[in-house]
Amino acid sequence: MKRVLITGASGFVGSWLLKTAPGNVEILAQYHQRKIPFLPPHAAALQLNLLQPDWKRALAFEPKVILHCAALASPESCEAQPEAAQQINFSAAAQLCDLAVQIGARLIFTSTDLVYGGARGCYSESDPPQPINVYTRAKVEAERYILANHPDAVAARCALVYGRSLHGQPTFTETVIERLRRGEPVALFCDEYRTPVPVDALAAALWELAGNEFTGILNLGGAEKVSRYDMGRIICETLSLPESLLLPRKIVEMRFAAARAPDCSLDVSLARRVLTTPLPGFAKGITRILG
Ligand SMILES: NC(=O)c1ccc[n+]([C@@H]2O[C@H](COP(=O)([O-])OP(=O)(O)OC[C@H]3O[C@@H](n4cnc5c(N)ncnc54)[C@H](OP(=O)(O)O)[C@@H]3O)[C@@H](O)[C@H]2O)c1
């Protein structure tokens, strides 16, 4: 049975990795403050703070693969706590990389589409990153460290992730649906584009990467470039909810601490070639989830 360490197993993506774990893996699931929603058979939980990590138990587990999802994943939180962000998103990732090299474990690092900066869109893996805030600077630094030091590693640049929450914190799509169902207006950006990916498809792609031999940078996004306003429109169509409640907003109208990336849509042709996991566009993905 293959041993897999999943970090961030109490988070949105990590909890789906647990839910969709193949039956033939033994898992050590790291969390910090939130309880892991459920553990599949052959899984144990490990509480560990990446600000003061003690990797002893992880080392003793001797994982063959590490799926690294623990992060300070919100650009706004990173801007508010730059030192913690650097420690969690870069230093801990670099330490985990050294550990992976030491024990011969394959490392799948979850990075972000936001590393591209968003000036142009439709980015392929060969486009240079242009980090524009604390979050993306730490992610780019971590990617560079990992790819320079670990010969069996992947930097998976994940797009905006959507779908059902298992970890007790409502997701963007769940919040939009809830508000629309209550008849409340929802303000959404109409000038910020991504290629969102459903969380179950992302988890399947990460599991596939855990088991194949691809190394390097890989974009993992859905097949359709949309704005958050487009996502709201598609949700309204799918659930027959009133589109009149959607309020289009421009980035300049809102104030954020972290700089925003206008178009971080991904070219996912490499993922289509190296993976068998389908990565559907938003309309298809949300229909499947809500259906
Ligand atoms: N969600 C998206 O749309 C998206 C898009 C692109 C890339 N990504 C990347 O995908 C990965 C997973 O994101 P996510 O949405 O699942 O994030 P999330 O829901 O915020 O989960 C983050 C995880 O990291 C753990 N964590 C945070 N601070 C920690 C600390 N000091 N010590 C130990 N663990 C800590 C959390 O543990 P506790 O909750 O137990 O404290 C949680 O398990 C991240 O690398 C993120 O950058 C996400």
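Whatever order the structure lists ligands and atoms in, that order sets their numbers, starting from 1.
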>> Testing the 3.5 Å rule here: is there a donor-acceptor pair between the side chains of Arg157 and Tyr123?
In response: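 Note: Arg157 and Tyr123 side chains miss the donor-acceptor criterion.
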
Review item, side-chain donor-acceptor pairs of residues 26-34, under 3.5 Å, at least two apart:
{"from": "Gln30", "atom 1": "OE1", "to": "Gly8", "atom 2": "N", "distance (Å)": "2.7"}
{"from": "Gln30", "atom 1": "NE2", "to": "Leu48", "atom 2": "O", "distance (Å)": "2.9"}
{"from": "Arg34", "atom 1": "NH1", "to": "Gln169", "atom 2": "OE1", "distance (Å)": "2.9"}

Present, as a list of atom pairs with distances to 0.1 Å, all nitrogen or oxygen contacts under 3.5 Å between ligand 1 and the protein.
{"from": "ligand 1", "atom 1": "3 (O)", "to": "Val161", "atom 2": "N", "distance (Å)": "2.9"}
{"from": "ligand 1", "atom 1": "16 (O)", "to": "Phe12", "atom 2": "N", "distance (Å)": "3.2"}
{"from": "ligand 1", "atom 1": "16 (O)", "to": "Val13", "atom 2": "N", "distance (Å)": "2.8"}
{"from": "ligand 1", "atom 1": "19 (O)", "to": "Phe12", "atom 2": "N", "distance (Å)": "2.9"}
{"from": "ligand 1", "atom 1": "24 (O)", "to": "Ala71", "atom 2": "N", "distance (Å)": "3.1"}
{"from": "ligand 1", "atom 1": "24 (O)", "to": "Ala71", "atom 2": "O", "distance (Å)": "3.4"}
{"from": "ligand 1", "atom 1": "31 (N)", "to": "Asn49", "atom 2": "OD1", "distance (Å)": "3.0"}
{"from": "ligand 1", "atom 1": "32 (N)", "to": "Asn49", "atom 2": "OD1", "distance (Å)": "3.4"}
{"from": "ligand 1", "atom 1": "32 (N)", "to": "Leu50", "atom 2": "N", "distance (Å)": "2.7"}
{"from": "ligand 1", "atom 1": "34 (N)", "to": "Gln30", "atom 2": "NE2", "distance (Å)": "3.1"}
{"from": "ligand 1", "atom 1": "37 (O)", "to": "Ser10", "atom 2": "OG", "distance (Å)": "3.3"}
{"from": "ligand 1", "atom 1": "39 (O)", "to": "Ser10", "atom 2": "OG", "distance (Å)": "3.4"}
{"from": "ligand 1", "atom 1": "39 (O)", "to": "Arg34", "atom 2": "NE", "distance (Å)": "2.7"}
{"from": "ligand 1", "atom 1": "39 (O)", "to": "Arg34", "atom 2": "NH2", "distance (Å)": "2.9"}
{"from": "ligand 1", "atom 1": "40 (O)", "to": "Ser10", "atom 2": "OG", "distance (Å)": "2.6"}
{"from": "ligand 1", "atom 1": "40 (O)", "to": "His32", "atom 2": "N", "distance (Å)": "2.9"}
{"from": "ligand 1", "atom 1": "40 (O)", "to": "Gln33", "atom 2": "N", "distance (Å)": "2.9"}
{"from": "ligand 1", "atom 1": "40 (O)", "to": "Arg34", "atom 2": "N", "distance (Å)": "2.9"}
{"from": "ligand 1", "atom 1": "40 (O)", "to": "Arg34", "atom 2": "O", "distance (Å)": "3.4"}
{"from": "ligand 1", "atom 1": "41 (O)", "to": "Gln33", "atom 2": "N", "distance (Å)": "2.9"}
{"from": "ligand 1", "atom 1": "43 (O)", "to": "Gly8", "atom 2": "O", "distance (Å)": "3.3"}
{"from": "ligand 1", "atom 1": "43 (O)", "to": "Ser10", "atom 2": "OG", "distance (Å)": "2.7"}
{"from": "ligand 1", "atom 1": "43 (O)", "to": "Gly11", "atom 2": "N", "distance (Å)": "3.2"}
{"from": "ligand 1", "atom 1": "45 (O)", "to": "Thr110", "atom 2": "O", "distance (Å)": "3.1"}
{"from": "ligand 1", "atom 1": "45 (O)", "to": "Thr110", "atom 2": "OG1", "distance (Å)": "2.8"}
{"from": "ligand 1", "atom 1": "45 (O)", "to": "Lys139", "atom 2": "NZ", "distance (Å)": "2.8"}
{"from": "ligand 1", "atom 1": "47 (O)", "to": "Tyr135", "atom 2": "OH", "distance (Å)": "2.6"}
{"from": "ligand 1", "atom 1": "47 (O)", "to": "Lys139", "atom 2": "NZ", "distance (Å)": "3.1"}

> Considering residues at least two apart in sequence or located in another chain, which fulfil the ring pair (Phe, Tyr, Trp, His ring centres under 6.0 Å) criterion with Phe12?
Replying inline: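 With neighbours one apart ignored, the set is His167.
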
> Which atom pair, heavy atoms only, marks the closest approach of Arg260 to Ile251?
Replying inline: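 So the two residues come closest at CG-CG2, 3.8 Å.
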
> Does anything in residues 188-216 pair up under ring-ring contact (aromatic ring centres under 6.0 Å, His included), and if so which pairs, sequence neighbours excluded?
Replying inline: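 Only Phe189-Phe256 qualify under ring-ring contact (aromatic ring centres under 6.0 Å, His included).
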
>> Please determine whether side-chain contact (heavy atoms from CB on, under 4.5 Å) holds for the pair Leu206 and Trp16, giving the CA-CA distance in whole Å, both sets of side-chain angles, and the decisive distance to 0.1 Å.
In response: CA-CA 11 Å; Leu206 292 171; Trp16 273 90; over 6 Å; no

